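Beneath this line is the structure, given in structure tokens, with notes to follow.
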Amino acid sequence: MRIDILTLFPEMFGGVFGASILGRACAAGLMEIRTHDIRAYTENKHRKADDYPFGGGAGLVMMAQPIFSCMEAVLSEGAPAKRILLTPRGKPLTTEHARELAKEERLLLLCGHYEGVDERVMTLIDEEISIGDYVLTGGELPAMVLTDCVSRFVPGVLGSELSAEDESFTDGLLEYPQYTRPAEFRGMTVPDVLLSGHHANIVAWRREQALEKTKNVRPEMYEAWMAAHPPVVKKNKRRRKPKTDTVSPESVNTASVEDQP
């Protein structure tokens with residue numbers, strides 16, 4: 001997968017994408033991440049990429065011209081890309097959404113900054129994405145978050161396909177507690193069930209813990225999960241009463257009279 005990031009601050013990305021899982025994925029050719037300096041495409045001698053908003057107001061707005069020129073140059077080579085603007089007004093990023101984005105051959109991420117971008121830029125954008133209901137100083141950190149989140153679903157990046165499936169939010173719940181060696185540390189011990197080797201009991205314990213964690217930390221998520229997974233109520237089968245031969249009172253009386261001498 002190739003991801004192109006358009007930003008005013010390309011120097012922010014080197015440390016994040018050059019280390020750990022993303023760094024190894026890029027080195028192995030599984031991911032290709034390129035940053036592009038929007039300011040390099042300005043058409044004024046001062047390399048100005050922002051200006052005051054029409055109508056007044058605080059802050060600055062990113063100008064349309066440098067963004068148009070940068071995006072056109074980047075998209076002029078390579079495969080077509082899904083174009084995304086990182087902005088607080090966008091659709092919230094979710095695990096399922098990241099999974100769908102990972103199916104794309106190429107993504108282009110535009111990092112907003114200051115008070116946002118000139119609205120005319122939206123004619124170039126396919127989708128707006130937000131990483132949460134809060135405001136940051138720019139779209140660079142959200143671009144890093146989105147790239148990291150999407151990369152987890154690119155085949156081969158995590159090594160094991162199960163790693164991306166057995167996480168918080170994957171099945172609508174927060175993840176269960178995890179433990180590693182040693183089994184006892186400063187008087188704190190690992191739950192016995194995890195040392196038992198009994199797979200079914202471990203699965204049941206993990207589901208129970210995930211439900212409890214979600215209920216306490218994200219009650220709205222817990223309620224949604226419970227609504228989608230109502231408990232199955234087993235119906236008790238009614239036992240059939242055995243058939244018995246019945247004798248009417250008339251037949252009993254008749255037989256009694258006939259039997260009298």
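None of these values were measured; they are calculated from a predicted model. Reckoned from all heavy atoms, side chains included, excluding hydrogens, waters and symmetry mates.
- The shortest non-hydrogen separation linking V117 to G112 is CG1-CA, 4.2 Å.
- E105 contributes no side-chain N or O that, together with a main-chain N or O of P80, makes up a donor-acceptor pair within less than 3.5 Å.
- Atom CD1 of I84 sits about 9.0 Å away from atom CG of L93, to the nearest 0.5 Å.
- Between V61 and D51 there is no side-chain heavy-atom pair separated by less than 4.5 Å.
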Requested in this report: Dump the intermediate steps for side-chain contact (heavy atoms from CB on, under 4.5 Å) on K91 and S130, then the final yes or no.
Outcome: CA-CA 6 Å; K91 180 180 179 181; S130 166; over 6 Å; no

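- Using a 4.5 Å cut-off on side-chain heavy atoms (C-beta onward), P142 and I129 make no contact.
- In this structure, N44 contributes its side chain and R47 its backbone to a donor-acceptor pair below 3.5 Å.
- At a threshold of 4.5 Å between non-hydrogen side-chain atoms, the residues I67 and M62 count as touching.
- Ionic pairing of D126 and K82 is not present here: no N-O contact between side-chain nitrogen and carboxylate oxygen is shorter than 4.0 angstrom.
- The shortest non-hydrogen separation linking K48 to P66 is O-CG, 4.3 Å.
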Query raised in the report: Run the side chain to side chain donor-acceptor pair (under 3.5 Å) check on D4 and H36 step by step: do they pass?
Result: CA-CA 7 Å; D4 292 275; H36 307 272; 2.8 Å; yes

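- Listed here is the closest heavy atom pair of A58 and E115: O-CG, 3.3 Å.
- Residues L174 and R218 meet the side-chain proximity criterion, which asks for heavy atoms closer than 4.5 Å.
- Within the 3.5 Å criterion, the main-chain N or O of M144 finds no donor-acceptor partner in the side chain of D148.
- Other residues, nucleotides and ligands contribute more than 12 heavy atoms inside 6.0 Å of the CG atom of N216.
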Pairs under 3.5 angstrom only: tabulate donor-acceptor contacts from the side chains of residues 9-25 to other protein residues two or more places apart or in another chain.
none

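- Using a 4.5 Å heavy-atom cutoff, the side chains of I33 and C26 are in contact.
- In this structure, the side chain of W225 engages the main chain of D171 through a donor-acceptor pair within 3.5 Å.
- Nearest heavy atoms, P155 versus L30: O-CD2, 4.0 Å.
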Report task. Applying salt bridge (charged side-chain N to carboxylate O under 4.0 Å, His left out), run through R99 and E96 and close with a yes or a no. Result -> CA-CA 5 Å; R99 192 195 307 271; E96 191 55 42; 3.4 Å; yes

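- L60 and M63 are not part of a single hydrophobic cluster, where members link through side-chain heavy atoms under 4.5 Å apart.
- Note that the CD atom of E127 and the CG atom of L109 stand 10.5 Å from one another [nearest 0.5 Å].
- Between H229 atom NE2 and L173 atom CG the span is 7.5 Å, to the nearest 0.5 Å.
- Taking the charged nitrogens against the carboxylate oxygens, R207 and E175 have no contact shorter than 4.0 Å, which rules out a salt bridge.
- Rounding to the nearest 0.5 Å gives a distance of 5.5 Å between CD1 of I131 and CG of L136.
- Two different hydrophobic clusters hold Y41 and Y114 under the rule that ILVMFWY side chains link at heavy-atom gaps under 4.5 Å.
- For the pair H97/L101, a side-chain contact is recorded, criterion being any heavy-atom separation below 4.5 Å from C-beta on.
- Salt-bridge annotation for K103 and E100: present, with a side-chain N of the basic residue lying under 4.0 Å from a carboxylate O of the acidic one.
- L110 places a side-chain heavy atom less than 4.5 Å from the side chain of I38.
- Rounding to the nearest 0.5 Å gives a distance of 11.5 Å between CD of E32 and CE of M1.
- Considering CG of L86 and CD of E140, their distance stands at 8.5 Å, rounded to 0.5 Å.
- Looking at E128 and M122, their side chains come closer than 4.5 Å, going by heavy atoms from C-beta outward.
- Among all heavy-atom pairs drawn from S151 and M31, the shortest one is CB-CE, 3.8 Å.
- At least one donor-acceptor pair under 3.5 Å links the side chain of E184 to the backbone N or O of G187.
- Across every non-hydrogen atom of A102 and F153, the tightest pair is CB-CB, 3.6 Å.
- In this structure, L194 belongs to a hydrophobic cluster whose other members, linked by side-chain heavy atoms under 4.5 Å apart, are Y179, V190, V193, L195, I202, W205.
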**Report entry** Check against side-chain contact (heavy atoms from CB on, under 4.5 Å), I5 and L107
**Finding:** CA-CA 8 Å; I5 301 174; L107 299 177; over 6 Å; no

Pairs of donor and acceptor atoms involving the side chains of residues 70-79, under 3.5 Å and at least two apart or interchain, shall be tabulated with distances.
| unit_1 | atom_1 | unit_2 | atom_2 | d |
| --- | --- | --- | --- | --- |
| S76 | OG | A73 | O | 2.6 |
| E77 | OE1 | R2 | NH1 | 3.4 |
| E77 | OE2 | R2 | NH2 | 3.0 |

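- More than 12 heavy atoms of other residues, nucleotides or ligands shown are found within 6.0 angstrom of OH on Y134.
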